[in-house]
Asker: 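Got a structure for you, written out below as structure tokens; questions coming shortly.
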Amino acid sequence: MTLAFDIDSAAKIDVTPEGSDYDIVRQVIEMLSLDYREQPSLDSIAARLNQSPTQVQKVFTRWAGLSPKAFLQAVTLDHAKRLLGDEGLPLLETALEVGLSGPGRLHDLFVTHEAMSPGEWKAKGEGLTLRYGFHTSPFGVALVMVTERGLAGLGFCDPGEESVCYADMAGRWPHARFIEDRTATEPMLTRIFDPARWQGSEPLRVVLIGTDFQIRVWQSLLTIPMGRAVTYSDIAKDIGQPTASRAVGAAVGRNPISFVVPCHRALGKSGALTGYHWGLTRKRAMLGWEAGKVG
DNA sequence: GGAATCATGTGAT
DNA sequence: ATCACATGATTCC
């Protein structure tokens, strides 16, 4: 794996298998979605990126499992509604019975989660040691944070923004100790982004650090399967507070373990993507990437 | 239809 | 107390 800071100088290097793809992919997604009205052609996009159309097509498809055109379709309102809508099956509801600290097959990663006690939360990380590291990932630079009990934080940024990203994550537990330790975080990362290794024998351990309300919301998110989505009000209903959809939005936005706790699968009732803490483009990218893995 | 407006729960200050 | 929200429904043009 290449360190994030090395990448920018080396857009042409094709030695790094997946991480650098995202640089191109991100820009393609941005263009496609920014002026999607005009449906810009592959040629014009490639031209703006100083790449050949076939190169762009190839990189994009390798990354997403979907051609740029199919990708665009996968993130339209239409498709989003399909992710939300059909069959009105329970989707949520089931897994909350598992309760705290219960192991279960949640999400598509095999995840066990436990929550910090309210006391531990009030301490704002006092006495807690977090090891962290920056890595390349399919969605840009990833900041991983772990405790002895499991994965505690996962954030994203573009190359060059590492310090902002770190401040964002570290600020959530002001009294915790932070130690840079890439060897501790790396195995976690490779496992998370390799769907082939999901559902393995060893569950991925995850530690939810937040208020009671937030943890209920995050648990609810964990039960959304890949390739499906729910609305903020669905979640509100699921946790027994049907009028709290807005509060749910706020809690979803504070999710410290993005992607693993699939907050990108929460959409507005209309199917609009509404927002994403690490940038809407990344939310689109995750949704489209998953569409490629599931289809 | 689309803009403006309200009711709303939570968490930070 | 007050305020900002990754919402959603209603009410006006």
Side-chain angles (χ1 to χ4, degrees), chain A residues 26 29-30 33-34 36-37 75-81 83-85 88 91-92 96 100 107 115-126 128 139-140 142-143 152-158 161 164-165 167-176 208-224 228-290:
Chain A
R26 187 190 83 235
I29 296 174
E30 255 165 26
S33 51
L34 216 56
Y36 72 102
R37 274 167 236 280
V75 291
T76 53
L77 262 189
D78 236 28
H79 183 81
K81 283 189 206 154
L83 293 187
L84 291 173
L91 215 53
L92 302 169
L96 274 201
L100 293 199
H107 183 232
M116 292 246 136
S117 70
E120 285 172 302
W121 164 246
K122 263 212 247 69
K124 303 233 184 238
E126 183 79 58
L128 193 66
F139 303 106
L143 172 56
L154 178 58
F156 295 96
C157 64
D158 293 330
E161 298 171 352
V164 179
C165 182
D168 183 321
M169 293 298 295
R172 298 170 188 227
W173 307 293
H175 298 151
L208 268 20
I209 310 178
T211 66
D212 182 62
F213 180 83
Q214 288 170 336
I215 285 169
R216 287 194 341 260
V217 170
W218 300 338
Q219 284 176 335
S220 190
L221 287 174
L222 274 170
T223 69
I224 311 169
R228 297 300 306 270
V230 299
T231 67
Y232 295 99
S233 60
D234 285 339
I235 297 172
K237 246 176 274 167
D238 183 52
I239 62 175
Q241 291 173 249
T243 58
S245 51
R246 189 164 188 176
V248 165
V252 170
R254 299 291 299 163
N255 165 31
I257 319 180
S258 61
F259 187 76
V260 173
V261 176
C263 52
H264 55 284
R265 296 185 195 144
L267 311 177
K269 192 148 223 168
S270 65
L273 261 49
T274 51
Y276 194 70
H277 187 76
W278 306 110
L280 266 183
T281 297
R282 224 178 295 274
K283 188 170 185 174
R284 266 187 214 100
M286 287 178 180
L287 257 10
W289 186 79
E290 291 188 343

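Convention: sequence-line order gives letters A, B, ...; per-chain numbering from 1.
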Asker: Would you kindly compare A:Gly268 and A:Ala250 by the position of their nearest DNA chain C nucleotide and give the one closer to the 5′ end?
Answerer: A:Ala250
Asker: Please determine whether a side-chain nitrogen or oxygen atom of A:Ser233 lies at a distance below 4.0 Å from atom OP1 or OP2 of C:dG8.
Answerer: yes
Asker: Tell me the interatomic distance from A:Tyr276, atom OH, to C:dT7, atom C1', rounded to whole angstroms.
Answerer: 19 Å
Asker: Tell me: CD1 of A:Ile235 to P of C:dA6, nearest whole Å?
Answerer: 14 Å
Asker: Can you find a pair of side-chain heavy atoms, one from A:Lys124 and one from A:Trp173, that are under 4.5 Å apart?
Answerer: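 No, their side chains stay 4.5 Å or more apart.
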Asker: Roughly, in whole Å, what's the span from NZ in A:Lys237 to P in B:dG9?
Answerer: 16 Å
Asker: Could you write out each protein N or O paired with an N or O of nucleotides 11-13 of chain B at a distance under 3.5 Å?
Answerer:
unit_1: B:dG11; atom_1: OP1; unit_2: A:Thr211; atom_2: OG1; d: 2.2

Asker: Can you find a heavy atom in the side chain of A:Met169 that is under 4.5 Å from one in the side chain of A:Val164?
Answerer: no
Asker: Rounded off to whole Å, could you give me the CG-to-P distance for the A:Asp238 and B:dG9 pair?
Answerer: 18 Å
Asker: Is a side-chain N or O of A:Asp234 found less than 3.5 angstrom from the main chain of A:Thr231, in a donor-acceptor match?
Answerer: yes
Asker: Taking atom P of B:dG1 as reference, at what distance in whole Å does atom CG of A:Leu77 sit?
Answerer: 14 Å
Asker: Answer with yes or no whether A:Tyr232 presents, from its side chain, a donor or acceptor under 3.5 Å of a partner atom in the base of C:dA6.
Answerer: yes
Asker: With the side chain of A:Lys283 defined as its heavy atoms from C-beta on, choose the nearest nucleotide among C:dA6, B:dA7, C:dA9.
Answerer: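 The closest nucleotide is C:dA6.
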Asker: Taking A:Arg172 for its side chain and A:Arg254 for its backbone only, find out whether a donor-acceptor pair lies under 3.5 Å.
Answerer: yes
Asker: Contact class for A:Ala247 vs. all strands (heavy atom < 4.0 Å): base, sugar-phosphate, or nothing?
Answerer: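 Base contact.
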Asker: Distance check needed: C:dA9 P versus A:Arg246 CZ, whole Å only.
Answerer: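 It is 13 Å, rounded to the nearest whole Å.
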Asker: Would you mind telling me which of C:dA9, C:dA6, B:dG9 lies closest to the side-chain atoms of A:Cys263?
Answerer: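 Given the options C:dA9, C:dA6, B:dG9, the side chain of A:Cys263 is closest to C:dA6.
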Asker: Does this structure show an ion pair linking A:Arg284 with A:Glu30, if we count only N-O contacts that are shorter than 4.0 Å?
Answerer: no
Asker: Dot-bracket, DNA chain B: Watson-Crick or G-U, under 3.5 angstrom, [ ] crossing, | other strand?
Answerer: |||||||.|||||
Asker: Counting just side-chain N and O atoms, does A:Gln241 come under 4.0 Å of either OP1 or OP2 of B:dT10?
Answerer: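 Yes.
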Asker: Measure from the side-chain N and O atoms of A:Gln219 to the backbone N and O of A:Arg216, and report whether any donor-acceptor pair falls under 3.5 Å.
Answerer: no
Asker: Rounded to the nearest angstrom, tell me the gap between atom CG in A:Asp168 and atom C1' in C:dA6.
Answerer: 14 Å
Asker: Classify the side-chain pair A:Asn255/A:Ser258 by whether it contains a donor and acceptor separated by less than 3.5 Å.
Answerer: no
Asker: Given the side-chain rings of A:Phe139 and A:Trp289, with only the six-membered ring counted for Trp, is the space between their centroids under 6.0 Å?
Answerer: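 Yes - the distance between ring centres of A:Phe139 and A:Trp289 falls below the 6.0 Å cut-off.
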Asker: Compare all side-chain heavy atoms of A:Arg265 with those of A:Met286 and state whether any distance is below 4.5 angstrom.
Answerer: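 No, every pair of side-chain atoms sits at 4.5 Å or beyond.
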Asker: Going by side-chain contact (heavy atoms from CB on, under 4.5 Å), A:Val261 matches just one of A:Ile224, A:Leu222, A:Leu154. Which one?
Answerer: A:Leu222
Asker: Nearest whole Å is fine: how far is C:dC5 P from A:Asn255 CG?
Answerer: 19 Å
